[in-house]
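One structure is given here, and the rest of the page talks about it.
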Amino acid sequence: MKSEPQAAQVGKRPRPVMMIPLRRCGSHALRLRLNMSPQFYSPYPLHIVDFMPLLPLYGDLADDRAYFRLVVDVVGLQAVSMVKWPQLVFDPVEIFETLRNQPRSVHRVVWELLLRSGEAQGARVVMDKSLDSVHYAAELMALLPDMLFVNVVRDPRAQVASMNRAIIHDFDTLLNARTWLAAHRAADAVMQRFPQRVLTIRYEDFLSQQQATLQALCHFMEIDFQPGMLDVAHSQEARQISQLSALWSSNCYAPIPANADKFKQQLSLDEIGVIETITGEYMKRYGYTPMTPGATVITPAMEAQAKVHSDAAREQAWHDLEHDNFRDFALRRCRADYLAKLRERLEQQAGRPAVGGASTLAALDPAAFEVTD
């Protein structure tokens with residue numbers, strides 16, 4: 001656990017920060033380094049976006065019974081997180097009583113857990129790395145008007161190449177490029193509405209200028225830069241998560257600038273052309289040099305084939321994960337099963353037929369498996 005709260009922090013809640021807009025941008029590398037500051041805390045994210053399809057099934061949250069069920073289930077989601085929050089157990093009754101007279105929202109419940117975790121660590125700033133919550137930024141600002149946003153940009157070709165191999169995303173370049181575009185359009189809306197609350201950094205600048213990037217982040221969040229942030233090998237959390245999943249295996253090592261161009265070996269020129277066609281406006285804005293004219297014609301047939309390809313590759317990826325890394329598979333499966341059982345229970349309560357068995361992977365929405373980046 002981090003140091004005790006400083007005198008100036010007692011009685012004042014940590015300032016909320018949201019990292020946006022899309023996973024596989026190098027966000028864990030930044031989070032783990034910033035977490036080495038006693039003034040900052042960012043636990044493993046809940047990725048509440050995976051919970052959002054269930055929200056309508058709770059009904060009117062003005063009903064105490066519905067809201068209490070929601071609080072219980074969000075606390076349960078935290079409990080089945082792939083990486084545990086240290087030395088914290090949340091009492092849903094106490095959380096509910098604290099929030100019952102405040103504006104009711106699943107995001108307020110999530111942030112109550114986050115703020116309490118930051119208080120327990122003595123932090124001045126708490127960051128949620130659930131990047132997909134960029135799509136709920138307006139509601140978050142209404143609930144937490146002092147929120148800041150860290151907008152992490154990565155070359156879309158490199159990011160899509162990484163997404164293509166991650167079980168949390170689609171397994172197709174076209175689909176992931178569209179996801180990249182939607183996320184950055186949502187980030188644009190945040191920057192346009194709250195320009196003074198957003199700091200944009202490029203992941204490639206972090207690779208080549210690690211100290212300057214971390215100093216800029218610390219200045220923005222008004223915390224002190226710690227030289228120890230430059231040596232992530234000393235982070236116990238980085239060592240822990242690097243052993244849990246292949247997605248995080250490099251997080252306990254220094255960044256490698258040469259990896260910025262790995263996409264050239266991982267993607268075909270046709271795939272690069274698709275990405276540059278879809279994201280060309282942003283590539284120009286953020287200084288990424290194109291390799292193609294960016295004029296690929298994307299047809300409905302291509303989109304349909306992309307979905308078929310991705311679905312087949314996803315099924316194979318789950319089989320491979322179970323064979324290659326049983327711990328990673330079991331931890332992800334535990335969270336997926338939790339979400340599936342919640343859906344089954346909520347649909348039964350709402351008088352709707354359940355969609356398949358709760359333990360049947362094939363019957364679940366793929367979003368139920370998006371457990372981390």
Side-chain angles (χ1 to χ4, degrees), residues 19-29 47 49-50 129-137 151-191 200-207 247 259-317 365-367 369-373:
M19 185 178 281
I20 58 176
L22 183 65
R23 290 175 269 184
R24 306 310 296 167
C25 66
S27 54
H28 264 312
H47 293 304
V49 66
D50 302 337
K129 201 191 72 66
S130 301
L131 292 97
D132 310 79
S133 290
V134 65
H135 297 287
Y136 309 102
N151 181 42
V152 183
V153 178
R154 185 180 182 185
D155 185 326
R157 298 163 298 189
Q159 191 163 358
V160 168
S162 179
M163 293 166 70
N164 286 351
R165 303 188 311 281
I167 205 162
I168 62 172
H169 287 293
D170 288 306
F171 287 83
D172 185 87
T173 291
L174 173 56
L175 299 181
N176 284 325
R178 291 205 184 284
T179 298
W180 193 101
L181 179 62
H184 282 269
R185 284 177 171 169
D188 275 355
V190 178
M191 289 186 281
T200 296
I201 63 170
R202 295 193 333 156
Y203 179 64
E204 291 77 16
D205 295 334
F206 167 70
L207 291 177
L247 295 184
N259 284 346
D261 288 333
K262 280 178 64 176
F263 73 86
K264 294 177 182 177
Q265 288 76 51
Q266 297 166 335
L267 299 172
S268 69
L269 193 59
D270 286 344
E271 288 178 298
I272 291 172
V274 167
I275 297 169
E276 293 182 352
T277 297
I278 293 172
T279 68
E281 173 189 348
Y282 288 89
M283 289 183 59
K284 182 177 180 180
R285 179 196 301 182
Y286 292 118
Y288 299 117
T289 304
M291 297 172 57
T292 74
T296 301
V297 176
I298 299 171
T299 66
M302 289 172 61
E303 295 175 344
Q305 180 58 38
K307 185 68 168 60
V308 171
H309 170 254
S310 180
D311 288 347
R314 180 188 299 279
E315 184 176 355
Q316 183 61 48
D365 188 312
F369 298 106
E370 295 179 2
V371 293
T372 179
D373 55 346

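Just so it is clear, the values below take in all heavy atoms, side chains as well, and ignore hydrogens, waters and symmetry mates.
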Rounded distance (nearest 0.5 Å) linking atom [atom1] of [X] with atom [atom2] of [Y]:
X    : Y    : atom1 : atom2 : answer
S162 : K262 : OG    : NZ    : 8.5 Å
M163 : R24  : CE    : CZ    : 9.5 Å
M283 : T289 : CE    : OG1   : 7.5 Å
I272 : F263 : CD1   : CZ    : 5.5 Å
R154 : Y288 : CZ    : OH    : 9.0 Å
I20  : K129 : CD1   : NZ    : 13.0 Å

Inset, instruction - Kindly indicate whether the side chain of R314, heavy atoms from C-beta on, has any atom under 4.5 Å from the side chain of D170. - result: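 Sidechains of D170 and R314: in contact.
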Legend entry - Any side-chain heavy-atom pair of L131 and L22 under 4.5 Å: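 The answer is no; the side chains never approach within 4.5 Å.
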For the side chain of [X] and the backbone of [Y], is there at least one donor-acceptor N/O pair under 3.5 Å apart?
X    : Y    : answer
R178 : L174 : no
T277 : G273 : yes
T173 : E271 : no
S130 : D132 : no
T279 : P156 : no

Inset, instruction - Mind running side-chain contact (heavy atoms from CB on, under 4.5 Å) on V153 and C25 for me, showing each step along the way? - result: CA-CA 7 Å; V153 178; C25 66; over 6 Å; no
Inset, instruction - Carefully, step by step, assess I201 and F206 under the rule side-chain contact (heavy atoms from CB on, under 4.5 Å). - result: CA-CA 8 Å; I201 63 170; F206 167 70; 5.6 Å; no
Inset, instruction - Output all residues satisfying ring-ring contact (aromatic ring centres under 6.0 Å, His included) with H135, sequence neighbours left out; order by chain, then residue number. - result: none
Legend entry - salt_bridge(R202, D155) N-O dist < 4.0 Å: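 Salt bridge flag = no for D155 with R202.
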Inset, instruction - With side-chain contact (heavy atoms from CB on, under 4.5 Å) as the test, would you mind laying out the steps for V297 and M302 before giving the verdict? - result: CA-CA 9 Å; V297 176; M302 289 172 61; over 6 Å; no
Legend entry - Test salt bridge (Lys or Arg N to Asp or Glu O under 4.0 Å) applied to E276 - qualifying residues, sequence neighbours left out: R157
For residues 181-190, please give each side-chain donor-acceptor pair under 3.5 Å, one per line with the distance, not counting sequence neighbours.
| residue | atom | partner | partner atom | Å |
| --- | --- | --- | --- | --- |
| D188 | OD1 | R285 | NH1 | 2.8 |
| D188 | OD2 | Y282 | OH | 2.6 |
| D188 | OD2 | R285 | NH2 | 3.1 |

Legend entry - E303 atom CD: more than 12 heavy-atom contacts under 6.0 Å: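 Yes - once you tally the heavy atoms of other residues, nucleotides and ligands closer than 6.0 Å, there are more than 12.
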Legend entry - Closest contact, heavy atoms only, N164 versus F171: O-CD2, 3.3 Å
Legend entry - Donor-acceptor pair between D172 and S310 side chains, under 3.5 angstrom: no
Legend entry - Side-chain donor-acceptor pair present, Y203, Q159, cut-off under 3.5 Å: no
Inset, instruction - With side-chain contact (heavy atoms from CB on, under 4.5 Å) as the test, would you mind laying out the steps for I298 and I278 before giving the verdict? - result: CA-CA 9 Å; I298 299 171; I278 293 172; 3.7 Å; yes
